[in-house]
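Read the structure below first, then the notes.
A, B, ... follow the sequence lines: proteins, then strands. Residue 1 opens every chain.
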Number of protein chains: 2
Amino acid sequence: MSTTGRGLHGRVLDTLGPEITAGDHPPGSVLRTDELAQRFDVSRSVMREVVRVLESMHLVESRRRVGVTVLPAHEWNVYDPQVIRWRLAGADRPRQLRSLTVLRSAIEPVAAGLAARNATAEQCAELTECALGMVAHSRGHQLEGYLFHDMAFHRVVLAASGNEMFARLGDVVAEVLAGRTHHDVMFEDPDPAAVTLHVQLAEAVRARDAARAERLTREITEGALQELDILAP
Amino acid sequence: MSTTGRGLHGRVLDTLGPEITAGDHPPGSVLRTDELAQRFDVSRSVMREVVRVLESMHLVESRRRVGVTVLPAHEWNVYDPQVIRWRLAGADRPRQLRSLTVLRSAIEPVAAGLAARNATAEQCAELTECALGMVAHSRGHQLEGYLFHDMAFHRVVLAASGNEMFARLGDVVAEVLAGRTHHDVMFEDPDPAAVTLHVQLAEAVRARDAARAERLTREITEGALQELDILAP
DNA sequence: CCGAGCAAAAAGTCAGACTTATATGTCACA
DNA sequence: TGTGACATATAAGTCTGACTTTTTGCTCGG
């Protein structure tokens, strides 16, 4: 579930990356490659590769005669799935979850509208199947089963939009949904209204009703915003 | 303007990255680190670092006894600014520009609505300043000056939204606007209606009128969609 | 025909030497 | 006292070569 392969490289990255995104090393901090290599008990080569990857995520900047400088958060590649995962696992998880939910509220309605135009017959079938799965698991504390179909549902909508930028957010949305179920208060069964909206959305897409699909999705995401006490625009 | 630092690492990356995103090495192709090192006349260490970065962008996958396999496009981290730049510089630039413009049409209206709630006095001032700059350069083929203020305007809106995910798209939007001005047909002065909309948007944000800001931005982005012959949702 | 095991191939890791850029301190000169 | 040129130390950047580990795919025996 978590992440990178299983080499030394990956292990070091999975330690140092979260440390940085968690603010453990504040912006402006200077790390030295040699020291890090010693600390993690790896060779300089491995450490350099890790630093290069962190640099490509704009988490750090490496300069001669200075060292590896930690960059301020507004420089980070916050769309990098790895960075998102690290941040969701860290302390500012709530803030992160809010940002992503607002992002969802902007993207998903438009994506649903496009999906109503572009979805293949197969995708329509998958959508109704997912919606039915959600209904089937909506009562009796079958949270995991519900979550599974919910994630799949939104992933299909984003993919069916035909826009690669939207499609690529499938993982992010899944991550948000999973986070809501697992960490936040969600002991009770899901809101029946939300379940109904998903069923209707599947119908709207199948019926090629773009406007209705967009409106229904807007209702869904507004529900998600309200759960986090974010006032609806 | 273009990119990475100036080490060997950066130079190799700026050659190999675009080759991959351009489809020069089709998905499934296998590259060998040693061969690449020979080809670029660098040591294996440098080549390995490059491969690791490409791997973190999900452009390739490196496996023992197999080599470096090029991944299909749907795996790529298409939100990575570097990947976006590479693709915009390549052959499927038109498709990329469309995807990004649709993304804009989803994000910017919501961002503008939030900006109307959250913008600081200083940001409001910047906004009107940018709008005035656009007006001043809207006639007489001052395209570069117009573009400059247009990019700044949208960047401020996204930043003022207070959402880091939106703010991080400032570079992307700037890239799209620049692309439109430089590569596509844009010899004539900008549409006066668009200029007016920007001025009104600056006013709406200053007046804290979120609904109006959102609506105006939707008009702006719909104009951008129409320019690319993308039917409005 | 099939499974066990063997050999080769390629990435992964390490250690050490050398190069290059650059921040900073020093000193002479104005 | 301030300023600019120069020297120096430092940490990243690069190269090389040897060794390890994993994995593929083939061979050989059942």
Side-chain angles (χ1 to χ4, degrees), chain A residues 2-17 19-20 24-72 75-76 82, chain B residues 2-17 19-20 25-72 75-77 82:
Chain A
S2 83
T3 175
T4 332
R6 223 204 232 47
L8 278 181
H9 173 82
R11 269 204 296 275
V12 174
L13 198 63
D14 280 341
T15 307
L16 192 52
E19 279 183 14
I20 294 173
D24 218 334
H25 307 277
S29 305
V30 175
L31 313 171
R32 258 89 39 100
T33 308
D34 289 347
E35 278 187 14
L36 291 172
Q38 259 196 324
R39 176 186 156 199
F40 290 106
D41 193 39
V42 296
S43 68
R44 270 205 336 136
S45 330
V46 169
M47 205 56 230
R48 283 184 52 74
E49 287 167 23
V50 171
V51 168
R52 274 273 142 74
V53 170
L54 292 174
E55 202 174 18
S56 88
M57 297 168 172
H58 283 85
L59 296 184
V60 303
E61 190 191 25
S62 179
R63 282 170 56 198
R64 274 185 150 123
R65 165 64 212 237
V66 169
V68 179
T69 312
V70 177
L71 292 175
E75 296 268 19
W76 300 349
Q82 187 121 90
Chain B
S2 82
T3 174
T4 333
R6 228 210 225 41
L8 278 182
H9 173 80
R11 269 203 295 277
V12 175
L13 198 62
D14 281 340
T15 305
L16 192 52
E19 279 183 13
I20 294 172
H25 307 277
S29 306
V30 175
L31 312 171
R32 259 92 40 116
T33 308
D34 287 352
E35 277 187 16
L36 290 172
Q38 259 195 324
R39 175 186 156 198
F40 290 107
D41 194 38
V42 296
S43 68
R44 287 187 298 290
S45 331
V46 169
M47 204 58 230
R48 282 184 53 75
E49 287 167 23
V50 170
V51 168
R52 274 272 142 74
V53 170
L54 293 174
E55 201 173 18
S56 87
M57 295 168 174
H58 285 83
L59 295 185
V60 303
E61 189 191 25
S62 178
R63 282 170 56 199
R64 276 183 149 124
R65 166 63 213 236
V66 167
V68 179
T69 312
V70 177
L71 293 174
E75 295 269 19
W76 300 350
N77 277 180
Q82 187 120 91

Note: A:V66 and A:V30 closest approach over all heavy atoms is O-CG1, 3.4 Å

> Is any side-chain heavy atom of B:L54 less than 4.5 Å from a side-chain heavy atom of B:L16?
Replying inline: yes

- Message: Between A:L71 and A:L59, is the side chain to side chain contact (heavy atoms under 4.5 Å, CB included) condition met? List the steps.
- Response: CA-CA 6 Å; A:L71 292 175; A:L59 296 184; over 6 Å; no

Show every donor-acceptor pair shorter than 3.5 Å between a side-chain atom in residues 42-53 of chain B and any protein atom, with sequence neighbours excluded, or say none if there are none.
residue, atom, partner, partner atom, Å
B:R48, NE, A:E49, OE2, 3.0
B:R48, NH2, A:E49, OE1, 3.3
B:R48, NH2, A:E49, OE2, 3.4
B:E49, OE1, A:R48, NH2, 3.3
B:E49, OE1, A:R52, NH1, 2.4
B:E49, OE2, A:R48, NE, 3.0
B:E49, OE2, A:R48, NH2, 3.4
B:R52, NH1, A:E49, OE1, 2.4

Chain B vs DNA chain C, heavy-atom contacts under 4.0 Å, first-to-last nucleotide span, 5' to 3', is C:dA8 to C:dT13

To the nearest angstrom, the CG-P distance between A:L36 and D:dG13 comes to 13 Å

Sorted by chain and residue number, the side chain to side chain contact (heavy atoms under 4.5 Å, CB included) partners of B:Q38 (sequence neighbours excluded) come out as none

B:R63 CZ to D:dT24 C1', in whole Å, measures 9 Å

Produce the list of close N/O pairs, under 3.5 Å, pairing protein atoms with atoms of nucleotides 19-21 of chain D; give distances to one decimal.
residue, atom, partner, partner atom, Å
D:dT21, O2, B:R64, NE, 3.3

Across all chains, not counting sequence neighbours, the salt bridge (Lys or Arg N to Asp or Glu O under 4.0 Å) partners of B:E19 are B:R39

In this structure, CG of B:N77 is separated from NE2 of B:H58 (nearest 0.5 Å) by 6.0 Å

Per the under-4.0 Å heavy-atom filter, residues of residues 39-48 of chain A near DNA chain D come out as A:R44, A:R48

What one should report as the nearest heavy-atom pair of B:H25 and B:V70 is O-CG1, 3.4 Å

If one requires at least 3 consecutive Watson-Crick or G-U pairs with distances under 3.5 Å, the stems of DNA chain D turn out to be C:1-30 with D:1-30

Taken to the nearest 0.5 Å, the spacing of B:E55 CD from A:S56 OG works out to 11.0 Å

Please tabulate, one pair per line, each protein N/O and nucleotide N/O from nucleotides 7-10 of chain D that are separated by under 3.5 Å, including the distance.
residue, atom, partner, partner atom, Å
D:dA9, N3, A:R65, NH1, 3.0

Applying salt bridge (Lys or Arg N to Asp or Glu O under 4.0 Å) to B:R64 and not counting sequence neighbours gives none

Hits for side chain to side chain contact (heavy atoms under 4.5 Å, CB included) against A:R65, two or more places apart or cross-chain, chain-then-number order -> none

Rounded to whole Å, the CG-P distance (A:D34 to D:dA11) equals 8 Å

Shortest non-hydrogen pair, A:I20 vs A:W76, comes out as O-CH2, 3.7 Å

Are A:Q82 and A:L13 side-chain neighbours, meaning at least one heavy-atom pair lies under 4.5 Å?
yes

Across all chains, not counting sequence neighbours, the side chain to side chain contact (heavy atoms under 4.5 Å, CB included) partners of B:P72 are B:P27, B:H74, B:E75

Across all chains, not counting sequence neighbours, the salt bridge (Lys or Arg N to Asp or Glu O under 4.0 Å) partners of B:E35 are B:R32

Practice item. May I ask you to say what A:V51 touches in the nucleic acid, namely base, sugar-phosphate or nothing, with a heavy-atom cut-off under 4.0 Å? Key: nothing

